[in-house]
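So the structure is just underneath, and the comments pick up after that.
The figures that follow rest on heavy atoms only: side chains count, while hydrogens, waters and symmetry mates do not. Model, not experiment: these values are computed from the prediction. Residues take their numbers from the sequence shown, with the count starting at 1.
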Amino acid sequence: MSKKYTLLKKDGNARRGQFETPHGTIQTPVFMNVGTIAVIKGAVSTMDLKEIGCQVELSNTYHLHLRPTDKVVSKLGGLHKFMNWDRPILTDSGGFQVFSLAKMRKIKEEGVYFNSHIDGRKIFMGPEESMQIQSNLASTIAMAFDECIENPAPRDYVERSVARTTRWLERCKNEMDRLNSLPGTINKEQMLFGINQGGVYEDIRIKHAKEIAKMDLDGYAIGGLAVGETHEEMYKVINAVVPHLPEDKPIYLMGVGTPSNILEAVERGVDFFDCVLPARNGRHGNVFCKEGKLNLMNAKYELDTRPIDEGCECPACKSYTRAYIRHLFKAKEMLAMRLCVLHNLYFYNKLMEDIRDAIDGGYFKEFKEEKLRSWEGRS
């Protein structure tokens with residue numbers, strides 16, 4: 001199978017493409033639905049994901065390495081068989097979780113020594129280990145192991161960290177090539193995305209983008225954002241980085257974000273997105289609608305017989321009212337979370353479909369401005 005991103009159309013800098021993978025073709029721009037431990041939180045099944053238009057599921061290397069362990073998943077045939085999902089899966093490298101969850105960690109050239117956030121046991125993860133874990137998981141796309149830098153961080157530390165991340169990326173690429181050649185590997189066509197880092201220092205970001213662009217990877221991510229910087233700083237970094245990444249490869253903005261963030265990033269040339277926001281919001285009764293975001297816990301919805309979002313075709317909106325779902329939350333029934341998570345993920349997946357249509361039709365700028373106006377003050 002040829003590994004291939006095809007740029008179908010541009011509308012300004014917004015890109016409409018398709019990405020061929022061993023597990024099917026992804027239409028971009030795309031939002032990846034986050035199933036950290038091989039499940040979407042909120043009692044959402046993989047059959048549900050198909051119904052709500054999910055193209056790509058994202059799972060977490062660090063969490064699955066700890067439980068049930070990647071070796072168990074490998075013995076069960078890889079993530080696709082384990083969770084009964086036959087479409088693409090992207091696994092992140094574990095780097096972000098190592099730096100955000102591990103209470104004690106020591107970063108060295110060979111990798112990172114840290115303690116499990118579950119039971120405190122000592123673990124080592126470096127580029128080779130991350131690739132081996134992701135190969136055991138047999139995901140469609142593996143992310144390179146990198147250091148997610150705290151923001152703000154001193155310039156000299158950022159420069160040293162980015163240089164190490166580049167060296168780690170080379171080791172990831174070599175190890176993946178080796179693993180994909182082994183007879184026992186489940187997915188011998190596993191793809192590798194590299195990650196651009198550099199904090200909010202645009203010159204460091206650009207230099208790093210140029211370096212990793214030379215490595216001819218399957219795709220490129222912009223990491224280390226949505227970690228405390230302003231939206232304006234994030235957009236400046238995207239503007240700086242995208243022109244220096246290959247146009248014939250997909251670009252992934254990691255961990256972003258709100259519907260408004262997605263529109264702004266698409267306008268700047270980004271293809272892939274992921275965020276826990278829609279599912280996390282849904283589990284707390286916060287739902288996305290055409291007019292913005294609603295909190296179904298509010299008393300004003302007690303007698304509201306409308307669906308969450310009028311005109312929405314998600315399973316929740318087709319069958320249930322705001323009043324009923326609010327009652328479920330007040331009664332602490334799990335169905336409340338499930339319905340709101342389904343709705344929010346449907347909203348995000350439908351938004352991406354509408355974005356693709358807008359780029360295809362050459363009216364993305366007008367589409368973006370109309371959406372931002374309708375959400376103003378509420379999203």
Next on the checklist: Apply side-chain contact (heavy atoms from CB on, under 4.5 Å) to residues Phe367 and Ile355 and explain how you reach the verdict.
Outcome noted: CA-CA 8 Å; Phe367 172 84; Ile355 287 171; 3.7 Å; yes
I'd like to know if the side chain of [X] reaches the main chain of [Y], judged simply by a donor and an acceptor atom lying under 3.5 Å from each other, with no hydrogens or angles considered.
X: Asn60; Y: Ile37; result: no
X: His208; Y: Gly198; result: no
X: Asp48; Y: Val44; result: no
X: Glu229; Y: Ala226; result: yes
X: Ser130; Y: Pro127; result: no
X: Thr28; Y: Asp271; result: no
X: Thr166; Y: Val162; result: yes
X: Glu57; Y: Leu90; result: no
X: Arg322; Y: Ile308; result: yes
X: Ser374; Y: Lys371; result: yes

Inspect the contact between [Y] and [X] and indicate whether a charged nitrogen and a carboxylate oxygen are less than 4.0 angstrom apart.
X: Asp216; Y: Lys249; answer: yes
X: Asp304; Y: Arg326; answer: no
X: Lys368; Y: Glu267; answer: yes
X: Lys4; Y: Asp218; answer: no
X: Arg268; Y: Glu264; answer: yes
X: Glu247; Y: Lys10; answer: yes
X: Arg155; Y: Asp203; answer: yes
X: Glu175; Y: Arg171; answer: no
X: Asp354; Y: Lys350; answer: yes
X: Asp360; Y: Arg356; answer: no

Are [X] and [Y] packed together at the side-chain level, in the sense that at least one heavy-atom pair is separated by less than 4.5 angstrom?
X: Val266; Y: Phe273; answer: yes
X: Glu159; Y: Ile204; answer: yes
X: Val30; Y: Met352; answer: no
X: Met83; Y: Val39; answer: no
X: Tyr113; Y: Arg105; answer: no
X: Ile251; Y: Val242; answer: yes
X: His63; Y: Arg67; answer: no
X: Val227; Y: Glu150; answer: no

Can you find a side-chain donor-acceptor pair between [X] and [Y] that sits under 3.5 Å?
X: Asn349; Y: Asn33; value: yes
X: Ser161; Y: Glu147; value: yes
X: Tyr301; Y: Asn295; value: no
X: Gln134; Y: Thr91; value: yes
X: Asn115; Y: Arg121; value: no
X: Tyr363; Y: Asp357; value: no

Item to check | Trp168 six-ring face occupied by Arg164 cation (under 6.0 Å, within 45°) | outcome: yes
Checklist entry - Are there more than 12 heavy atoms of other residues, nucleotides or ligands under 6.0 Å from atom CE of Met297? => result yes
Item to check | Atom NZ of Lys290: over 12 foreign heavy atoms under 6.0 Å | outcome: yes
Between [X] and [Y], does the ring centroid distance fall short of 6.0 Å?
X: His343; Y: Phe288; answer: no
X: Tyr348; Y: Phe31; answer: yes
X: Tyr62; Y: Phe114; answer: yes

Of [options], which is the lone residue that meets side chain to side chain contact (heavy atoms under 4.5 Å, CB included) with [X]?
X: Ile222; options: Arg205, Met254, Gln197; value: Arg205
X: Tyr346; options: Cys54, Cys314, Cys317; value: Cys314
X: Ser74; options: Ile186, Ile133, Thr69; value: Ile186

Item to check | Identified side chain to side chain donor-acceptor pair (under 3.5 Å) partner of Asn136 from the options Asp70, Thr61, Thr185 | outcome: Asp70
Next on the checklist: Among Gln190, Glu189, His23, which residue satisfies the side chain to side chain donor-acceptor pair (under 3.5 Å) criterion with Thr140?
Outcome noted: His23
Next on the checklist: Parallel, tilted or perpendicular: which one describes the rings of Tyr5 and Phe19, with boundaries at 30° and 60°?
Outcome noted: tilted
Checklist entry - Are Cys340 and Phe329 close enough, and set up right, to give a side-chain contact (heavy atoms from CB on, under 4.5 Å), and what steps lead you there? => result CA-CA 10 Å; Cys340 288; Phe329 272 112; 3.5 Å; yes
Next on the checklist: Would a single hydrophobic cluster contain both Leu335 and Met47, if residues Ile, Leu, Val, Met, Phe, Trp and Tyr are joined by side-chain heavy-atom contacts under 4.5 Å?
Outcome noted: no
Checklist outcome for this item: Value for CD (Gln18) from CD1 (Ile26), rounded to nearest 0.5 Å, stands at 10.5 Å
Checklist entry - Given Glu302 and His327, is the side-chain contact (heavy atoms from CB on, under 4.5 Å) satisfied, shown in steps? => result CA-CA 8 Å; Glu302 185 176 20; His327 157 68; over 6 Å; no
